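Some notes on the structure that comes next.
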Amino acid sequence: MAQDKRQVDAITARDVDFAQWYTDVCKKAELIDYTSTKGMFVLRPYGYAIWENIQNVLDADFKRTGHTNVSMPMLIPESLLQKEKDHISGFAPECAWVTMGGSEKLEERLCIRPTSETLFCDHWARVVHSWRDLPMLYNQWCSVLRWEKTSRPFLRHREFLWQEGHTLHATPEEAIAETEQQLECYAQFCENILAMPVLRGRKTLKEQFAGAEATYAIECMMHDRKALQAGTSHYFGNGFPTAFDISFTDKNNQLVHPYETSWGVSTRIIGGIIMTHGDDNGLILPPRIAPIQAVVIPVAMHKPGVLDAASALKDRLAAAGVRVKLDGSDNSPGWKYAEYEMKGVPLRVEIGPKDMEQQQCVIARRDTGEKTFVPLAELESKVKELLDAVHDNMYAMALKNREDNTFDITTLAQAKAIAEGEGGFLRSKWCGALECELAMKEQAGVTSRCMPLEQSGTEGVCPVCGKKCSTDIYWGVAY
RNA sequence: CGGGGUGUGGCGAAGUUUGGUAUCGCGCUUGGUUCGGGACCAAGAGGCCUGGGGUUCGAAUCCCCACACUCCGACCA
């Protein structure tokens with residue numbers, strides 16, 4: 001299109017340089033800004049609004065299953081962090097410490113929380129006494145700090161926002177059920193709200209969370225065929241409760257340790273949304289979390305009645321429960337089209353003098369670019385219908401990308417060829433040996449993503465050692 | 001943490017090789033004309049060139065040292 005020449009702020013093409021495209025979108029869609037503190041970012045109003053919508057949906061889900069929100073301290077005494085030794089050895093390299101209080105050196109240094117298992121356990125050790133106190137179903141929305149060496153918007157911040165659920169149960173069965181329930185909660189959130197298809201699976205021992213007995217995750221494929229872990233759910237057994245001396249008297253009057261879980265989703269998932277759905281015109285937001293679901297653009301708005309007509313459309317949509325914005329600024333219509341495409345607004349509603357004569361408006365979809373003339377009488381129903389259609393199409397496109405780029409392999413050579421070529425998910429059997437997992441990393445450059453919960457049950461061979469085995473596993477290059 | 005790249009008004013760049021006190025586009029402000037895919041005209045405002053040392057009569061430019069961002073690895077969510 002000739003008009004494209006006027007795009008002064010065009011972003012890097014997605015398939016030319018995906019990393020640069022990603023950074024361009026984060027900045028130009030006004031999601032994020034850099035700060036004077038290395039590795040830390042500002043979530044700007046539009047970026048934070050996405051997070052708020054994610055919070056609203058997830059928080060309601062958590063509450064529906066009986067969880068309540070709490071707030072734990074930001075600082076952890078070193079002695080507390082050291083109680084569970086796998087945990088501290090996993091997190092020690094990325095802890096930041098507070099060593100001074102005012103001008104006084106502290107007797108014991110305090111870790112700025114990288115995660116809060118130890119804080120929850122410390123608290124529970126004080127308050128849990130009886131089986132009647134269980135389960136403890138807690139969650140907190142907070143930020144945590146990990147001293148990362150490199151950072152990228154949303155994908156890796158030194159400080160990031162997340163929610164961490166922590167629960168305590170009387171039996172292992174109950175705790176495992178909780179772990180699975182929360183994994184499924186995340187999976188459905190991704191699929192039904194974010195239009196992101198996920199693989200539900202268990203992590204290998206090597207990829208397991210520090211201190212966990214089992215780690216489950218949902219894995220998504222980004223447009224560049226790399227993997228992003230969108231959420232995790234851990235089963236801890238009673239390792240932490242034992243280390244922290246949490247015990248309760250059960251129904252048989254026996255003093256026993258309870259079983260624990262934790263699960264989390266962070267702002268990283270916003271990076272996943274961007275990299276799953278975006279295109280060369282910028283962001284494409286899933287309608288169900290888009291801060292603006294429809295933007296009304298008046299055309300030739302100096303002409304009599306146009307602005308009033310546009311305003312009426314906005315009011316009707318707002319009354320129908322649609323998150324809608326009217327852009328009455330004096331930028332040209334074309335400028336506004338490009339602007340809201342960059343910001344990923346799912347629907348654009350145009351109204352101008354010609355439409356007013358016809359008692360209609362124009363609705364353009366962000367995902368396909370398709371424009372439809374809609375009689376004004378059908379505005380609300382059509383907008384809702386299109387929002388669902390956009391969601392469904394976004395999901396279908398993302399699923400197609402994953403399916404087209406998932407390959408069954410039986411040898412290391414095949415794995416290497418695919419990883420060095422276009423990339424994608426590799427599906428194979430795995431014998432369970434760490435050496436074979438490491439060989440995949442060293443020779444093919446891929447790490448294990450997960451062992452899917454749905455196992456085929458068939459027998460095959462490990463692509464590295466050739467041994468007969470039946471565990472299905474996915475490999476890929478991860479963010 | 002290793003290897004590359006970059007740092008000049010809000011953004012993107014030119015100027016650096018060959019030192020002489022900063023240029024352009026976009027954006028911003030004001031006024032006017034426009035408005036169906038990033039409008040046009042006019043008049044303005046805004047930078048001691050990432051920071052700190054050094055060389056020099058004189059440094060955006062040459063030399064050291066920091067810092068930040070970015071890409072590729074390693075590591076990690």
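In the text below, chain A, chain B and the rest are named by the order of the sequence lines, each starting its count at 1. In what follows, every heavy atom counts, from backbone to side chain, and hydrogens, waters and symmetry copies are set aside. Everything numeric here is computed off the predicted structure, so don't read it as measured data.
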Worksheet item: Between B/A39 atom P and A/M301 atom CE, what is the distance in whole Å?
Response: 13 Å
Fill in: Where protein sits on nucleotides 70-77 of chain B, one letter per nucleotide: B base, S sugar-phosphate only, - none, heavy atoms under 4.0 Å
SS-BBSBB
Discussion item. Just checking A/L205: does its CG atom have more than 12 heavy atoms from other residues, nucleotides or ligands closer to it than 6.0 angstrom?
Written reply: no
Discussion item. Taking 5.5 Å and 30° as the limits, would you call A/H302 and the base of B/U34 a stacked pair?
Written reply: no
Worksheet entry | Lys/Arg-Asp/Glu bridge criterion (N-O < 4.0 Å) met for A/E357, A/K354 | no
Worksheet item: More than 12 heavy atoms of other residues, nucleotides or ligands under 6.0 Å from NZ of A/K416: is that the case?
Response: no
Worksheet item: Should A/S332 be listed as having a side-chain N or O under 4.0 Å from OP1 or OP2 of B/A39?
Response: yes
Worksheet item: From the list B/G37, B/A68, B/G36, which nucleotide is the closest neighbour of the side chain of A/K38?
Response: B/A68
Discussion item. Are A/N401 and A/M221 packed together at the side-chain level, in the sense that at least one heavy-atom pair is separated by less than 4.5 angstrom?
Written reply: yes
Discussion item. Taking the C1' atom in each of B/C75 and B/G3, what is the distance between them to the nearest angstrom?
Written reply: 16 Å
Fill in: Under the ring pair (Phe, Tyr, Trp, His ring centres under 6.0 Å) test, residues paired with A/W21 that sit two or more places apart
A/F18
Worksheet, complete the sentence: A/M40 CE to B/A68 P, in whole Å, measures 12 Å
Discussion item. Can you tell me which nucleotide in B/C35, B/G36, B/G37 comes closest to the side chain of A/A300?
Written reply: B/C35
Worksheet item: Does the separation of the ring centres of A/H157 and A/W162 fall below 6.0 angstrom?
Response: no
Worksheet entry | ring pair (Phe, Tyr, Trp, His ring centres under 6.0 Å) involving A/F373 - partner list, sequence neighbours excluded | none
Worksheet entry | For atom CD1 of A/I11 and atom C1' of B/C11, their distance in whole Å | 15 Å
Worksheet item: Can A/L137 and A/E178 be said to form a side-chain contact (heavy atoms from CB on, under 4.5 Å), step by step?
Response: CA-CA 9 Å; A/L137 303 175; A/E178 166 80 11; 3.9 Å; yes
Polar-atom pairs under 3.5 Å, protein N or O versus N or O of nucleotides 29-33 of chain B: list them with distances, or write none.
none

Worksheet entry | Option passing side chain to side chain donor-acceptor pair (under 3.5 Å) with A/R200 (candidates A/E180, A/E454, A/E184) | A/E184
Worksheet item: Taking atom C1' of B/G37 as reference, at what distance in whole Å does atom CE of A/M342 sit?
Response: 14 Å
When you compare the protein's N or O atoms with those of nucleotides 7-10 of chain B, which come within less than 3.5 Å of each other, and at what distance?
none

Fill in: A/M72 atom CE, neighbour heavy-atom count above 12 within 6.0 Å
yes
Worksheet item: Which whole-number value in Å describes the distance from A/I297 CD1 to B/A39 P?
Response: 12 Å
Fill in: Bracket notation of RNA chain B in which parentheses pair within the strand, [ ] cross earlier pairs, and | pairs with another strand (Watson-Crick or G-U, under 3.5 Å)
((((((((.[[[[.)....(..]]]].((((((.....)))))).....[[[[[..)....]]]]])))))))....
Practice prompt. For B/U56 versus B/U23, give the span between their P atoms, rounded off to a whole number of Å.
Written response: 29 Å
Discussion item. Measure CG/A/N331 against C1'/B/G37 and give the value in whole Å, please.
Written reply: 13 Å
Discussion item. What is the separation between atom OH on A/Y337 and atom C1' on B/A39, rounded to the nearest whole Å?
Written reply: 13 Å
Discussion item. Can you give me the closest heavy-atom contact between A/L307 and A/M301, atom names plus distance?
Written reply: CD1-SD, 4.1 Å
Worksheet item: Closest approach of A/C142 and A/R113, non-hydrogen atoms and distance?
Response: CB-NH2, 3.4 Å
Worksheet item: Whole Å only: how far is the CG atom of A/D24 from the C1' atom of B/C69?
Response: 13 Å
Fill in: Non-hydrogen atoms of A/S143 and A/L161 that approach each other most closely
CB-CD2, 3.9 Å
Item to complete: Identify the residue among A/L228, A/I54, A/I284 that makes a side-chain contact (heavy atoms from CB on, under 4.5 Å) with A/I273.
Response: A/I54
Discussion item. Taking any heavy-atom pair under 4.0 Å as a contact, classify A/G39: base, sugar-phosphate, or nothing.
Written reply: sugar-phosphate
